[in-house]
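Worksheet: one structure, shown below.
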Amino acid sequence: MPLVSMRQLLDEAAKGGYGVGAFNVNNMEQIQAIMEAARETKSPVIVQASRGARSYSQDKFLYHLMLAASELYPEIPTVLHLDHGNSFETCKSAIELGFTSVMMDGSLKEDGKTPSTFEENVDVTRRVVDLAHSKGITVEGEIGVLGGIEDGHGAGGTGLEHITDPDQAVEFVDKTGVDALAIAIGTSHGAYKFSKKPDGSVLKMDRLIQIHKRLPQTHLVMHGSSSVPKDLQDIINQYGGKLKPTWGVPVEEIQLGIRNGVRKINVDTDNRLAITGAIRKVFMETPEKFDPRDYMKPAREAMKKVVALRMTQFGQAGHANDYSPISLAEMKKRYESAMAHA
Ligand code: G3H
Ligand code: 13P
Ligand code: ZN
């Protein structure tokens, strides 16, 4: 089956009351891990690539690996999504390459660090929506700014400086016509999100619930949603790593979000931890080995386990065959008719 529209996946998730994990990839093994987890759990999937991933992989490699995935796993509705597009041009090039969904992260300026103005965000996002919808492609926008600078995305700080304002969220959705909306509620990218298990003073689930009440039809997206489980931290440290104690977003908070309009949940760090732990273990236990397959296979397996678990916890498991995918041409017609009736 061809790569499918993210809008359809999220609409179906809303109907079914579940969330869909969006997992970052940079290479073949990560794509294989996700597709195997999807097959095992019968899940629809969102595979996403950041600008860094596109440059690391020379994105054409990644794109053709994704075509292989859709050919080898025809029963799995699969989306290829651009994570954190920083400009109209970045989104345009992803659309031209064959991504079926793009994120225009206009909450930050093109440098990916400096918060932009509301007007700048609306302007660039609206332009991306016009282009994308004319081709049946989905758009995710962002309002409010995530914390953290560890991976180059986000404005730094604790993540509480630019929490999403519900009035602005409503105006943003109205003015841009985005399909999905990423909001800032205190999370950040990377492993070092919280210095203890987060409570309501640092993870603003109440704000998310407020926004959902104001925008019940909008698919909400949670970024920075790795849970950074202690067992994955421990494996890394047991085999020579040096992670400092840290906390991520507890799965039960994500599940609360899913009950309140969250349909897409972004996870990268947990998979990075799983891969690194598995590779360290092989290196420490069998230092005589030097065939990359000896450590890439366990790494792929470790990531598959994390992804399959998240798919089950987010509720997408078992939903791969609930519906027939709509073509991008049909999605284009739907966007046109929604515009005509607006
Ligand atoms: O947005 C953050 C993701 O974890 C991707 O990170 O830019 O290092 O590929 P990256
Ligand atoms: P984590 O760093 O928590 O995995 O977040 C990933 C993310 O939000 C990608 O856009
Ligand atoms: Zn993100």
Side-chain angles (χ1 to χ4, degrees), residues 6 19-27 30-31 33-34 45-59 62 79-87 90-91 94 99 101-108 110-113 140-156 158-159 162 164 180-194 198 202-203 208 220-229 232-233 243 246-251 253-254 257 262-276 303 306-307 309-311 313-314:
M6 186 167 86
V20 184
F23 303 102
N24 289 74
V25 297
N26 297 271
N27 60 30
Q30 289 175 309
I31 294 174
I34 297 168
V45 289
I46 301 169
V47 175
Q48 59 187 9
S50 66
R51 278 189 296 139
R54 287 178 69 188
S55 116
Y56 173 79
S57 65
Q58 296 171 274
D59 56 12
L62 213 54
V79 172
L80 176 58
H81 174 78
L82 169 69
D83 193 24
H84 293 283
N86 64 326
S87 67
T90 303
C91 293
F99 282 61
S101 179
V102 294
M103 174 184 193
M104 177 59 236
D105 182 358
S107 69
L108 299 172
E110 218 173 307
D111 66 6
K113 289 190 185 97
E140 172 185 341
E142 176 164 328
I143 185 85
V145 179
L146 298 198
I149 47 168
E150 192 181 343
D151 59 8
H153 302 293
T158 61
H162 303 278
T164 304
L181 182 67
I183 56 170
I185 52 165
T187 67
S188 53
H189 291 126
Y192 299 103
K193 301 181 197 302
F194 305 111
V202 287
L203 181 59
L208 183 147
L220 300 180
V221 183
M222 273 176 77
H223 281 248
S225 291
S226 277
S227 300
V228 197
L232 294 181
Q233 297 179 44
L243 294 176
T246 179
W247 275 261
V249 182
V251 169
E253 300 291 350
I254 296 171
V262 170
R263 299 294 159 233
K264 174 172 181 276
I265 305 106
N266 283 16
V267 174
D268 186 359
T269 296
D270 285 352
N271 292 324
R272 293 179 175 189
L273 294 171
I275 287 171
T276 299
M303 172 163 166
V306 172
V307 172
L309 180 62
R310 294 289 176 268
M311 286 171 162
Q313 291 165 327
F314 299 163

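Hydrogens, waters and symmetry mates play no part in the numbers below; they use all other heavy atoms, side chains included. Just follow the structure's listing: the first ligand is 1, and inside any ligand the first atom is 1. Positions are given from 1, in the same order as the sequence printed here.
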With a 4.0 Å cut-off on heavy atoms, is Arg272 in contact with ligand 1?
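The answer is yes: ligand 1 sits under 4.0 Å from a heavy atom of Arg272.
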Given Lys193, His84, His189, His81, which has its nearest heavy atom closest to atom 3 (O) of ligand 2?
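Heavy atom nearest to atom 3 (O) of ligand 2 belongs to Lys193.
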Nearest option to atom 9 (C) of ligand 2, as decided by whichever heavy atom of Val267, Asn271, Thr269, Asp83 sits closest:
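Going through Val267, Asn271, Thr269, Asp83 one by one, Asp83 has the nearest heavy atom to atom 9 (C) of ligand 2.
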With heavy atoms under 4.0 Å as the rule, classify the contact between Ser225 and ligand 2 as side chain, backbone, both or neither.
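Backbone only.
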Checking contacts here: is it the side chain or the backbone of Val249 that comes within 4.0 Å of ligand 2, counting heavy atoms only? Could be both or neither.
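Looking at Val249 and ligand 2, no heavy atom falls under 4.0 Å.
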So which heavy atom on [X] is nearest to which on [Y], and how close?
{"X": "Arg310", "Y": "Val251", "value": "NH1-CG2, 4.0 Å"}
{"X": "Phe99", "Y": "Arg54", "value": "CZ-CD, 4.1 Å"}
{"X": "Thr246", "Y": "Lys193", "value": "OG1-N, 3.8 Å"}

Subset of ligand 1 atoms that lie under 4.0 Å from at least one heavy atom of [X]:
{"X": "Asp268", "answer": "3 (C), 4 (O), 5 (C), 6 (O)"}
{"X": "Asn24", "answer": "3 (C), 5 (C)"}
{"X": "His84", "answer": "1 (O)"}

Go through the side-chain N and O atoms of Asn24 and Gln48 and say whether any donor and acceptor fall under 3.5 Å apart.
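Side-chain D/A pair, Asn24 to Gln48: present.
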Against heavy atoms of Gly224, which atoms of ligand 2 measure under 4.0 Å?
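It comes down to these atoms of ligand 2: 1 (P), 3 (O), 5 (O), 7 (C), 8 (O).
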Those atoms of ligand 2 less than 4.0 Å from some heavy atom in His223
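What qualifies from ligand 2 is 8 (O), 10 (O).
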Of all N, O or S atoms in His223, which has the smallest distance to the Zn ion (ligand 3)?
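His223's closest N, O or S atom to the Zn ion (ligand 3) is named ND1.
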Just say parallel, tilted or perpendicular for the rings of Phe314 and Phe23, cut-offs at 30° and 60°.
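Taking Phe23 first and then Phe314, their aromatic rings lie parallel (interplane angle under 30°).
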